[in-house]
Protein chains: 2
Amino acid sequence: MDKLSLGTLGQHLQTLRLAQGWSLSQLAAAAGIAKSNLSRLEQGNGNPTLDTIWRLAVQLKVPFGTLVAPIAVPLGEDGVEVRLLDQGKDHPQVDAYWMRCAPHTTRRAEPHTPGARESLTLISGTLEAGPEGATKRLSAGDTLTFAADCPHLYRTRDTWATLLLSVVYHEETTS
Amino acid sequence: MDKLSLGTLGQHLQTLRLAQGWSLSQLAAAAGIAKSNLSRLEQGNGNPTLDTIWRLAVQLKVPFGTLVAPIAVPLGEDGVEVRLLDQGKDHPQVDAYWMRCAPHTTRRAEPHTPGARESLTLISGTLEAGPEGATKRLSAGDTLTFAADCPHLYRTRDTWATLLLSVVYHEETTS
DNA sequence: CCGAACTGTTCCTTTTAACGAACGTTCTAT
DNA sequence: ATAGAACGTTCGTTAAAAGGAACAGTTCGG
């Protein structure tokens with residue numbers, strides 16, 4: 001997780017507002033905040049209060065984190081953006097990630113612990129993924145499960161790819 | 001999405017800090033905020049700035065939304081909490097959800113559009129899910145894909161269940 | 001026994017986010 | 001044309017969040 005970008009929040013805020021047909025004045029009134037406040041936020045200046053963000057997120061019907069860590073954000077150095085969604089506390093241990101890959105990028109991943117497996121579901125775009133040498137091509141809606149205790153990779157061609165990724169350590173069940 | 005609870009944030013903030021072995025002074029210093037600020041927040045008073053929350057989330061290594069919309073929060077009326085993670089823009093259309101079910105609850109879902117399928121990955125707990133009459137039992141790390149154009153359900157027994165859920169509308173590919 | 005280093009809290013001060021009114025625009029209707 | 005009502009902006013004021021120092025309560029070691 002990197003640095004906070006105020007400009008991104010502003011852009012994303014405005015995008016969401018327009019997409020839902022709100023005017024700035026309307027949204028401000030509905031959220032119960034001054035429109036001068038909202039105006040400043042959309043311009044990228046300002047450092048909103050949790051209360052303010054919350055009120056806006058409710059009106060825009062977005063899961064909150066979406067507002068500040070926008071999905072359509074410039075990515076990391078390797079063209080891949082990864083967010084930890086949740087971590088299971090049971091056995092086997094499961095880590096859930098949201099991942100987004102720019103076009104024409106390849107991300108190589110080190111082997112995880114022995115017996116580890118990965119499951120992924122493609123949300124949009126196309127992707128080639130799996131153990132090195134045994135990758136599969138996926139398109140939106142497809143799912144894939146493969147052994148992750150060996151080097152594996154994710155590769156895009158000329159499209160973006162967004163996916164959910166779960167890493168299952170120390171597999172116990174065999175279903 | 002309901003109202004903002006400041007107390008919950010404070011509790012959750014403190015829980016995370018202690019779980020990672022930080023002292024209040026240490027965390028405040030590492031995050032670059034005044035410890036008086038952090039102290040007040042943990043007590044449930046105050047309405048932190050986005051910058052403040054961000055700095056804390058980075059240090060605590062949590063995906064941000066986790067801080068303010070804690071995972072261990074009381075759930076909806078039916079004992080099920082659902083958050084929209086992402087929506088694909090391609091065809092087929094894919095909606096990605098994070099879902100958490102309390103013990104001993106059953107959630108029935110209406111059929112989606114014809115040809116729709118669902119894929120789910122269990123992060124923790126155990127769950128029985130699938131088309132009504134053809135459900136399967138899952139434990140942490142398991143995945144399941146089933147036709148969702150008929151009534152289907154999710155049922156927990158004596159454990160919580162957390163899972164990722166993808167709804168794929170109007171299936172085009174058949175892989 | 002007592003200073004030193006730490007814990008977390010409570011003040012007071014400074015900074016600044018939020019408010020509310022006024023502003024210049026644009027568009028519609030009378 | 002012109003009053004009206006929207007739009008989004010900019011400004012000065014006010015309320016409050018963040019900073020900083022002093023505080024009492026612990027846990028050390030000499």
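In the text below, chain A, chain B and the rest are named by the order of the sequence lines, each starting its count at 1.
Nucleotide dA18(D) holds its C1' atom 15 Å from the CD atom of Gln43(B), rounded to whole Å. Between Gln14(B) atom CD and dT9(C) atom P the separation is 7 Å, expressed in whole Å. Distance Leu41(B) CG to dT9(C) C1': 14 Å, rounded to the nearest Å. Rounded to an integer number of Å, the gap from CG of Leu38(A) to P of dG8(D) is 9 Å. Here dA18(C) presents its P atom at 9 Å from CG of Asp51(A), a figure rounded to the nearest Å. Computed from coordinates, the Asn45(A) CG to dA17(C) P distance equals 10 Å when rounded to whole Å.
Base-pairing analysis of DNA chain C finds the following stems of at least three consecutive Watson-Crick or G-U pairs, with both pairing distances under 3.5 Å: C:3-5 with D:26-28, C:9-23 with D:8-22, C:25-30 with D:1-6.
A chain of hydrophobic side-chain contacts below 4.5 Å, direct or via other Ile, Leu, Val, Met, Phe, Trp or Tyr residues, connects Leu16(B) to Val58(B).
Test His12(B), Gln11(B), Gln14(B) against Glu42(B) for side-chain contact (heavy atoms from CB on, under 4.5 Å) and you get one pass: Gln14(B).
Look at Asn37(A) and you won't find any side-chain N or O under 4.0 angstrom from OP1 or OP2 of dA17(C).
Looking at Arg40(A), its side chain never comes within 3.5 Å of a backbone N or O of Asn45(A) through a donor-acceptor pair.
Heavy-atom distances to DNA chain C give each of Ser23(B) and Thr49(B) a nearest nucleotide, and the one nearer the 5′ end belongs to Ser23(B).
Between His112(B) and Tyr169(B), the ring-plane angle classifies as tilted under the 30° and 60° cut-offs.
Contact check of residues 24-33 of chain A against DNA chain D (heavy atom, cut-off under 4.0 Å) returns Leu24(A), Ser25(A), Gln26(A).
Counting distance only, with no hydrogens placed and no angle test, the side-chain atoms of Ser39(B) and the base atoms of dG8(C) include no donor-acceptor pair under 3.5 Å.
Under the rule for a side-chain hydrogen bond (donor to acceptor under 3.5 Å, both in side chains), the partners of Ser124(A) that lie at least two apart in sequence or sit in another chain are Thr162(A).
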